[in-house]
Number of protein chains: 2
Amino acid sequence: MDPTPPRNNAVTVADVARMAGVSKATAARVLGGYGTVSDRVREAVTLAARNLNYRPNELARSMTTGRSGTIGVVVGDIENPFFSLAVRGITDIARQAGFTVILTNSGENTETEKAAIRALLAKRVDGLIVSPAMESDVDHLEEAIRSGCPMVLLDRGSRTLGVDTVVADDGHAAEDITRRLIAGGHRRIAYLTACDTPDHRFRLPSDISTGSVRRRIEGFLRACHEAGLSGMEDWVRLGALTPAETQRIVTAMLTDKHAPTAIIASDSVIGLDVFKICRDRGIDIPRDLSLVSFHDADWTSVTTPPVTVVRQPVYQLGEKAAKLLVERLNGNGGPASRVVLKTELVERASVADIPAEQMSEARQEKV
Amino acid sequence: MDPTPPRNNAVTVADVARMAGVSKATAARVLGGYGTVSDRVREAVTLAARNLNYRPNELARSMTTGRSGTIGVVVGDIENPFFSLAVRGITDIARQAGFTVILTNSGENTETEKAAIRALLAKRVDGLIVSPAMESDVDHLEEAIRSGCPMVLLDRGSRTLGVDTVVADDGHAAEDITRRLIAGGHRRIAYLTACDTPDHRFRLPSDISTGSVRRRIEGFLRACHEAGLSGMEDWVRLGALTPAETQRIVTAMLTDKHAPTAIIASDSVIGLDVFKICRDRGIDIPRDLSLVSFHDADWTSVTTPPVTVVRQPVYQLGEKAAKLLVERLNGNGGPASRVVLKTELVERASVADIPAEQMSEARQEKV
DNA sequence: TTGAAAGCGATACCAC
DNA sequence: GTGGTATCGCTTTCAA
């Protein structure tokens, strides 16, 4: 027994082959688990590998096979519970299918996203799962696809890119909750999102480059229009990128003569910020203000009052995206599919109807 | 097993060289940004590369250089806000230093952790950042280090492994908060963690294999001992791995004749579960029960009452770990350092003192 | 079943 | 400066 452990792990198939007294090719066959080898040789090679503490070099393997066993994921912000959960769904499926995941943050910035895609492509990932920061700027994605890298879009789609897409039913979700608010007598309903436009003002849904948010705003406006409410575009507020920005926007709205009676938060991070601001300003939810948030984050059920939310199947969103990608990677062709996962309105206690007398008052103001 | 998907982007340095009318070596020099080339040639090669839409193959590059430009990260659970935030700190620093990050989940399971390390090593990561699931079982980590892969331990240390370590001051934090509770008259203080032992019972801190949790429990017991409280080991409750398990444990405690007057939750996920259980059971925090949680998660400030927490510099924990690793990767040697980041007790409103009459009663029960 | 040798796509050393 | 060429560790024909 030679107890001297190999210092540098520069053990290669050649070393193992030499020790086992076979050719490099044969050793590689048993080590790589391909081809056919006699049991005797297999044993000898396995033993030698163990003795030498052989570690396969995936890089070299990838070089020849062309597959890296890696999936690249680009999300807006891992810190956002929405993405953490989706990423969890992705990695669970990926690992199950024998892939590892390289995770990158775009910070919802297209330039960073481009750099990330480039780096991922350079690392020769087998496939890509992306939440595009901007639907309007997807040249880098298109190029990645053209170069032969399968891609699945997560949470945000693209009409021009013909790729597999997994999104939630955001439009209908927004429509439902808006209808619900209107039925409760609300007329001044604000929709608050982190998305932004150059001049920070909202005019048309097409100005919104984040697909999921655009679909929600469209749903919001659809419900408003259906109820005969006009000019609701003014209630779509953009740029809630940071707690400070959110505070500025919400405070401005709340101190205005025409303060909203309800706020729809586009994600749970903003929802939490709004909740904090209300608490700090002594605004009673839902008496003074109704609040609805997208994403059923863990904390929403535990506040006073608990928050009414749109529950998206976030983990499943990630799972489904990974499954679609793995299928493609396994050679299953076919046309690009668009999967739309159902959402669910979870009514808790942060929404209240507007009393009748205030309703007429509200109507007067509208006129 | 399946045929390699066709990558039409098979443009190599050779192709670029041919088009630019130079040798492979020269083209590689400008493409790789090393060596010296004349401006005229540089221009020609750059142009050819752009025309051909050349993409460097990082895999091939890594093969020869021996560096992959990749850092492997193994955490317990990305979904846990603690890790999401730490990972954010890691990736920010890594990207800044030109590294990409491969993220893997151990699920706090040593076997999964071993597999992850193996896969990461096979992918030839330049370095590793790990939150070991078990301090007692680190052979795979030791081997990784021996094979020459720099490693930084995050949140959890190891006495046997002589590597850079970044942890929070968990022991003192637990000591402080325990002391604070005892000063407020609490005697029946439960410490609740997801960590577990084979028989689900706690005897000695050394039974706890998760370093950070062990240090916290040690701090808890230290403060108890200091105050003359004995037998507090019985108040350390293990196995709060899932909401259901947590519910079982907490309900059992709360319905016991000797119910705790305070609970210390070992992380924000458990803290939230405890909060939910109390709300469901109509237990008034802090009147009926005081609650303290580790990790200043975003929701803790917004509940009623807001939760007193131990604030750890989680993002900085990740940052520091990544910085240490990058330094090692840049060749800066030196002995392994152990960085301990300060925590802060954020007193909110989930802790109340025990009224004098109940205190004596509690003492009696103790006797 | 096994072995010899040709790549994969880049880097690096060494002449010129 | 520039061009040839060995090399990295593995997979993969093609013969034997």
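Each chain gets a letter, A, B and so on, in the order its sequence line appears, and its residues count up from 1.
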| said: Whole angstroms only, please: what is the CD-P distance between Glu58(B) and dC8(D)? | reply: 20 Å

| task | Please report, rounded to the nearest Å, how far the C1' atom of dC10(D) is from the CG atom of Asp15(A). | result | 13 Å

| request: Establish, with yes or no, whether the OP1 or OP2 oxygen of dG3(D) is under 4.0 angstrom from a side-chain nitrogen or oxygen of Thr26(B). | output: yes

| field | Integer-rounded Å distance: dT2(D) C1' and Asp39(B) CG | value | 15 Å

| said: What is the separation between atom CE on Met63(A) and atom C1' on dT11(D), rounded to the nearest whole Å? | reply: 10 Å

| field | Whole angstrom value for the distance that separates P of dC10(D) from CZ of Arg61(A) | value | 8 Å

| note | Judged by nearest nucleotide, the residue sitting upstream toward the 5' end of DNA chain D, Arg42(B) or Leu31(A), is Arg42(B)

| request: Take the protein atom NZ of Lys123(A) and the nucleotide atom C1' of dA10(C), then report the distance between them rounded to whole Å. | output: 14 Å

| The single option from Glu135(A), Lys114(A), Glu113(A) passing side-chain contact (heavy atoms from CB on, under 4.5 Å) against Leu141(A) | Glu113(A)

| said: Just to be sure I understand the rule, does Thr12(A) reach a base, reach only the sugar-phosphate, or reach nothing, if contact means heavy atoms closer than 4.0 Å? | reply: sugar-phosphate

| task | Name the nucleic acid region contacted by Ser38(B), choosing base, sugar-phosphate or nothing; use a 4.0 angstrom heavy-atom cut-off, strictly under. | result | sugar-phosphate

| said: salt bridge (Lys or Arg N to Asp or Glu O under 4.0 Å) for Glu143(B) and Arg146(B)? Distances and angles first, verdict last. | reply: CA-CA 5 Å; Glu143(B) 198 189 307; Arg146(B) 260 213 323 267; 5.0 Å; no

| note | Per atom distances to the Ala25(B) side chain, the nearest of dA6(C), dT5(D), dG9(C) is dT5(D)

| query | Counting only distance, no hydrogens or angles, is the base of dG3(D) paired donor-acceptor with the side chain of Arg29(B) under 3.5 Å? | reply | yes

| said: Need to verify one output field. Residue with the more 5' nearest nucleotide on DNA chain D, Thr64(B) or Val37(B)? | reply: Val37(B)

| message | Of the options dT11(C), dT2(D), dG3(C), whose atoms approach the side-chain atoms of Ala28(B) most closely? | response | dT11(C)

| Roughly how many Å is it from CZ in Arg124(B) to P in dT11(C), rounded to a whole number? | 19 Å

| query | Considering only dG9(C), dT12(D), dG3(D), which nucleotide approaches the side chain of Thr65(A) most closely? | reply | dT12(D)

| remark: Out of dT2(D), dA10(C), dC10(D), minimum distance to the side chain of Lys24(B) belongs to dA10(C)

| message | As an exercise, state the distance from CE of Met19(B) to CG of Leu52(B), rounded to the nearest 0.5 Å. | response | 5.0 Å

| message | Regarding Asp137(A) and Thr110(A), do their side chains bring together a donor and an acceptor under 3.5 Å, going by distance alone? | response | no

| What is the distance, rounded to the nearest whole Å, between atom CG of Asn57(B) and atom P of dG9(D)? | 17 Å

| query | Would one find a side-chain N or O of Tyr34(B) under 4.0 angstrom from OP1 or OP2 of dG1(D)? | reply | no

| Between the side chains of Ser212(B) and Asp155(B), is a donor N or O closer than 3.5 angstrom to an acceptor N or O? | yes

